Amino acid sequence: MRLSKAFVPTLKEVPADATIPSHKLMLRAGFMRQLTSGVYSYLPLGYRAMMKAMNIVREEMNAIGGQELLLPALNPESLWVQSGRRTIPNFILSIKERDLVLAPTHEEVIGYIASMHIQSYKDLPQIWYQIQTKFRNEPRPRSGVLRGRQFIMKDAYSLDRSWEDLDKNYDLHAEAYKKIFTRCGIKFFIVGASSGAMGGTGSQEFMIESESGEDTTALCPTCGYAANLEVATSNIPKVGRVEKSEPLKEIHTPNIKTITDLVEFLKVDPSRLAKSLVYRYNGKPLLILMMGNDQLNESKLTAALGGGDFAPIGPEDLLALTGADGGSIGPVNLKGFRIIADNRLEGANGLISGANRNDYHIANIDLERDSKIDAFFDLRSIEAGEPCPQCTAPLKISNAIELGHIFKLGTKYSDSLNITYLDENGQAKPVIMGSYGIGIERIVACYIEQNNDKDGIIWNKSLAPYEVHLIAVNMNSKDVETASNQIYDRMIDAQIEVLFDDRASVSPGFKFKDADLLGMPFHVIVGDKGLKNGQVEIKRRRTGERILVKLEEAVSEVQKLLAE
RNA sequence: CGGGGUGUGGCUCAGCCCGGUUAGAGCGCCUGCCUUGGGCGCAGGAGGCCGGAGGUUCGAAUCCUCUCACCCCGACCA
């Protein structure tokens with residue numbers, strides 16, 4: 001492509017709306033433009049990079065037996081009502097004129113097709129995938145293409161007869177994902193994750209570490225344990241028992257509302273303080289007992305409760321139920337509540353907690369003796385430095401961007417959408433499903449997050465919009481014009497993807513800046529300076545290293561470099 | 001949805017508190033000249049109902065009310 005004819009609107013100044021490197025660079029390099037919040041147009045260069053990513057994904061999906069198809073973005077609303085996902089908050093965008101919605105993902109459509117055409121165990125297994133635009137009713141799009149209302153995803157769906165077969169398909173996808181991200185040149189890691197609103201029995205996320213990430217992950221630098229904070233555990237000890245259970249004692253604690261106040265006031269070690277969080281779960285009161293310094297993890301709570309609606313209880317409601325205000329609630333003599341507690345409290349005694357009477361706490365609580373805990377769960381968020389659950393080395397906590405997510409869905413959609421097959425005995429059985437997503441824009445954005453410098457993007461060959469950026473330093477020089485045109489033609493013949501800066505009215509400095517910004521792996525520079533000696537220059541974008549080669553050998557040298 | 005911020009030429013912004021010539025700068029763009037190894041120089045030029053609606057006023061980019069859009073933090077998040 002000749003830059004003199006190309007649409008590559010580069011920007012010298014940083015657009016005001018962009019805050020993270022990938023967003024700034026994708027705008028500055030003329031890869032895309034925003035149309036409205038969370039919606040972008042992909043311009044020629046950006047689209048080429050995305051197509052490179054899509055093709056890598058496609059090749060690896062095909063390699064595990066995936067069959068590509070294309071599904072409708074417009075879906076009947078009723079299908080989503082049937083699956084139960086129409087009412088998920090901030091999920092589905094709908095069309096005003098008809099009872100249609102824009103598909104945010106495609107389990108429902110896949111299920112619809114499968115329910116009609118998968119009839120026998122002989123039809124299984126299947127891997128179906130699509131690479132296409134999806135929509136989400138995103139409350140707050142942000143960080144460029146990392147969280148948009150419209151985005152391209154590869155979504156794959158596996159259909160199996162058994163959980164064992166699902167495991168095989170799941171593992172195949174995990175391996176394919178490793179190959180995909182490795183080929184893209186992205187440094188990633190894999191974490192155990194919560195299956196969230198997708199439902200299902202197991203999932204892993206493919207992550208890159210990034211300050212801009214919206215996920216938080218726990219990582220063990222020693223043994224490699226990695227988990228999303230939604231599910232991460234640690235080897236932090238239980239509270240345990242003190243020598244002797246003393247009799248209960250009520251303590252006057254005027255105006256003490258928080259755990260910090262309480263530690264200050266009683267001059268006690270916070271390890272004996274239990275805090276009470278009061279929720280309504282499916283309309284009924286629920287007391288959650290945690291260690292005073294621990295944070296409730298709502299993802300874990302959701303998992304523990306097995307779904308349903310929960311929300312913290314309001315102050316008036318609380319007073320009516322307990323006769324006390326927040327900060328004075330505790331598990332002893334609390335009527336009408338289901339009580340659950342964090343695992344760390346199992347069997348604990350010698351605790352201090354609220355007395356269900358304003359300005360009073362109770363000491364010497366023995367949970368086994370003085371309260372009835374309905375169940376213990378892992379409910380706390382782990383913190384940096386806690387011992388790894390596998391090897392006890394201190395855990396590290398970092399933000400991360402989710403590139404891909406693989407789920408064992410099981411029968412969630414088979415049940416609601418009635419997807420069954422007949423087994424060898426003629427018995428109807430639910431199809432066991434898996435789903436496997438990759439955000440295409442995120443591949444490009446994450447790559448850029450990991451590969452840029454002050455001058456611009458640094459592409460590798462696999463995702464670069466073009467392999468080579470050919471720069472004619474001065475098109476008004478006859479020699480340069482002839483030589484650079486010759487190299488360009490030869491590169492085209494050699495099927496090298498080349499972007500040729502043949503602009504006559506642009507100064508050399510401008511061209512070099514543009515080339516660094518666009519970031520193709522190799523720059524071939526043709527100027528009078530080199531041509532005097534029959535030479536052209538090849539610059540490696542990543543290192544800045546330059547080599548001089550003979551004009552006639554320019555193309556073969558580039559081929560050598562590209563073959564590395 | 002809560003909190004904060006911003007809307008002025010294609011881009012980045014000044015002007016707004018404290019109302020008053022014809023609304024400015026840099027970059028980009030057009031024309032000509034010049035230059036040609038790191039966003040080059042000189043000269044000339046085009047381009048804006050100051051997000052929108054209403055109001056206050058002799059007079060509004062500027063003050064008030066409403067509204068829309070976008071960004072950031074939070075909530076939420078497959």
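Heavy-atom basis, side chains included; hydrogens, waters and symmetry copies ignored. Computed from a predicted structure; not experimentally measured. Residue numbers begin at 1 in each chain, while the letters A, B, ... track the order of the sequences.
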Problem - Which nucleotide in G39(B), G38(B), U36(B) has an atom nearest any side-chain atom of Asn476(A) - result: U36(B)
Practice task
List in chain and number order the residues that pass side-chain hydrogen bond (donor to acceptor under 3.5 Å, both in side chains) with Tyr281(A), two or more places apart in sequence or in another chain; answer none if no residue qualifies.
Solution key: none
Problem - Gap separating the CG atom of Leu25(A) from the CG atom of Leu11(A), nearest 0.5 angstrom - result: 11.0 Å
Practice task
Taking only the side-chain nitrogens and oxygens of Arg142(A), find out if one of them lies under 4.0 Å from OP1 or OP2 of C72(B).
Solution key: no
Practice task
Record whether the side chain of Glu13(A) comes under 3.5 Å of the base of G28(B) through a donor-acceptor pair of N or O atoms.
Solution key: no
Practice task
Tell me which nucleotide among G39(B), G37(B), A75(B) gets nearest to the side chain of Arg140(A).
Solution key: A75(B)
Handout entry: Below 4.0 Å: OP1/OP2 of C71(B) and any side-chain N or O of Ser37(A)
Key = yes
Fill in the blank from the handout: By nearest-heavy-atom nucleotide on RNA chain B, the more 5' of Lys12(A) and Thr36(A) is Lys12(A)
Handout entry: Who pairs with G2(B) - Watson-Crick or G-U, where each distance is under 3.5 Å
Key = C73(B)
Fill in the blank from the handout: Partner of U65(B) under the Watson-Crick or G-U wobble criteria, both distances under 3.5 Å, comes out as A53(B)
Practice task
Return the value, rounded to whole Å, for the distance between atom CG of Leu11(A) and atom P of G26(B).
Solution key: 19 Å
Exercise for the section: May I have the distance from Ile471(A) (atom CD1) to U36(B) (atom C1'), rounded to whole angstrom? Expected result: 14 Å
Handout entry: G45(B) to G9(B) separation - C1' atoms, rounded to the nearest Å
Key = 14 Å
Exercise for the section: Find the distance Asp215(A):CG to C77(B):P and express it as a whole number of Å. Expected result: 12 Å
Problem - Heavy atoms of other groups near Asp99(A) CG, more than 12 under 6.0 Å - result: no
Handout entry: Base G37(B) to side chain Asp528(A), donor-acceptor N/O within 3.5 Å cut-off
Key = no
Practice task
Searching all strands shown, indicate the nucleotide that pairs with G59(B) (Watson-Crick or G-U wobble; both distances under 3.5 Å).
Solution key: none
Practice task
Please state the C1' separation for the pair C18(B) and U22(B) - nearest whole angstrom.
Solution key: 23 Å
Handout entry: Nearest-nucleotide pick for Asn90(A), side chain only, options being U36(B), C76(B), G39(B)
Key = C76(B)
Handout entry: Nearest-angstrom distance from the residue atom NE2 of His523(A) to C1' of G38(B)
Key = 13 Å
Exercise for the section: Answer with yes or no whether the side chains of Tyr157(A) and Gln126(A) bring together a donor and an acceptor at under 3.5 Å. Expected result: no
Problem - Atom OH of Tyr42(A): over 12 foreign heavy atoms under 6.0 Å - result: yes
Practice task
For nucleotides C27(B) and U21(B), find the distance between their C1' atoms and express it as a whole number of Å.
Solution key: 28 Å
Exercise for the section: Check every atom of A75(B), G39(B), U36(B) against the side chain of Pro139(A) and return the nucleotide holding the closest atom. Expected result: A75(B)
Handout entry: Inter-nucleotide P distance (G19(B), C64(B)), Å rounded
Key = 11 Å
Exercise for the section: Assign Pro89(A) to base, sugar-phosphate, or nothing according to its heavy-atom contacts below 4.0 angstrom with the strands shown. Expected result: nothing
Practice task
Would you mind classifying the nucleic acid contact of Gly530(A) as base, sugar-phosphate or nothing, using non-hydrogen atoms under 4.0 angstrom?
Solution key: base
Practice task
May I ask which nucleotide in the shown strands pairs with G10(B), Watson-Crick or G-U wobble, both distances under 3.5 Å?
Solution key: C27(B)
Handout entry: Given G37(B), U36(B), G39(B), the nucleotide with the shortest approach to the side chain of Asn474(A)
Key = U36(B)
Exercise for the section: Using the P atom on both, measure A60(B) against C50(B) and round to a whole Å. Expected result: 11 Å
Exercise for the section: Could you tell me whether Phe151(A) contacts a base, only the sugar-phosphate backbone, or nothing, with contacts defined as non-hydrogen atoms closer than 4.0 Å? Expected result: base
Practice task
Classify the ring geometry between Tyr447(A) and Trp459(A) as parallel (under 30°), tilted (30 to 60°) or perpendicular (over 60°).
Solution key: parallel
Handout entry: Length of the CG-P vector between Leu146(A) and C77(B), whole Å
Key = 19 Å
Completion exercise
Residue pair Pro15(A)/Ala18(A) against RNA chain B: nearer the 5' end by closest nucleotide is Pro15(A)
Practice task
Using only heavy-atom distances, decide whether a donor-acceptor pair under 3.5 angstrom links the side-chain of Arg503(A) to the base of G39(B).
Solution key: no
Problem - Residue matched to G48(B) through Watson-Crick or wobble contacts both under 3.5 angstrom - result: none
Exercise for the section: Could you check whether Ser505(A) gets within reach of a base, just the sugar-phosphate, or nothing at all, counting any heavy atom under 4.0 Å? Expected result: nothing
Handout entry: Whole-Å distance separating the CG atom of Leu531(A) from the P atom of G37(B)
Key = 13 Å
Practice task
Ignoring hydrogens and angles, state whether a donor on the side chain of Asp514(A) or Thr10(A) is under 3.5 Å from an acceptor on the partner side chain.
Solution key: yes
Practice task
Tell me what Val14(A) touches on the nucleic acid: a base, only sugar-phosphate, or nothing, going by heavy atoms under 4.0 Å.
Solution key: sugar-phosphate
Handout entry: Met475(A) and Ser484(A): CA distance, side-chain angles, deciding distance, side-chain contact (heavy atoms from CB on, under 4.5 Å) verdict
Key = CA-CA 9 Å; Met475(A) 277 305 264; Ser484(A) 57; 3.9 Å; yes
Problem - Tyr177(A) and Phe181(A) aromatic ring geometry - parallel, tilted or perpendicular at 30°/60° bounds - result: perpendicular
Exercise for the section: Specify the separation, in whole Å, of atom CD of Gln34(A) and atom C1' of C72(B). Expected result: 13 Å
Problem - Separation between the C1' atoms of C16(B) and C34(B), rounded to whole Å - result: 42 Å
Handout entry: Arg147(A) CZ - C71(B) C1' separation (whole Å)
Key = 16 Å
Practice task
With heavy atoms under 4.0 Å as the rule, sort Arg33(A) into base, sugar-phosphate or nothing.
Solution key: nothing
Exercise for the section: Determine: side-chain N/O of Ser477(A) to OP1/OP2 of U36(B), distance under 4.0 Å, yes or no. Expected result: no
Handout entry: Pairwise C1' distance, C49(B) and U8(B) [rounded to whole Å]
Key = 12 Å
Problem - Distance, P atom - from U57(B) to G52(B), rounded to whole angstrom - result: 23 Å
Practice task
Give a yes or no on whether a donor-acceptor pair under 3.5 Å exists between the nucleobase atoms of G39(B), that is its base, and the side chain of Asp514(A).
Solution key: yes
Exercise for the section: Write down the partner of G32(B) under the Watson-Crick or G-U wobble criteria, each distance required to be under 3.5 Å. Expected result: C42(B)
Practice task
Quick one: label Arg149(A) by what it contacts on the DNA or RNA (base, sugar-phosphate, nothing), any heavy atom closer than 4.0 Å.
Solution key: nothing
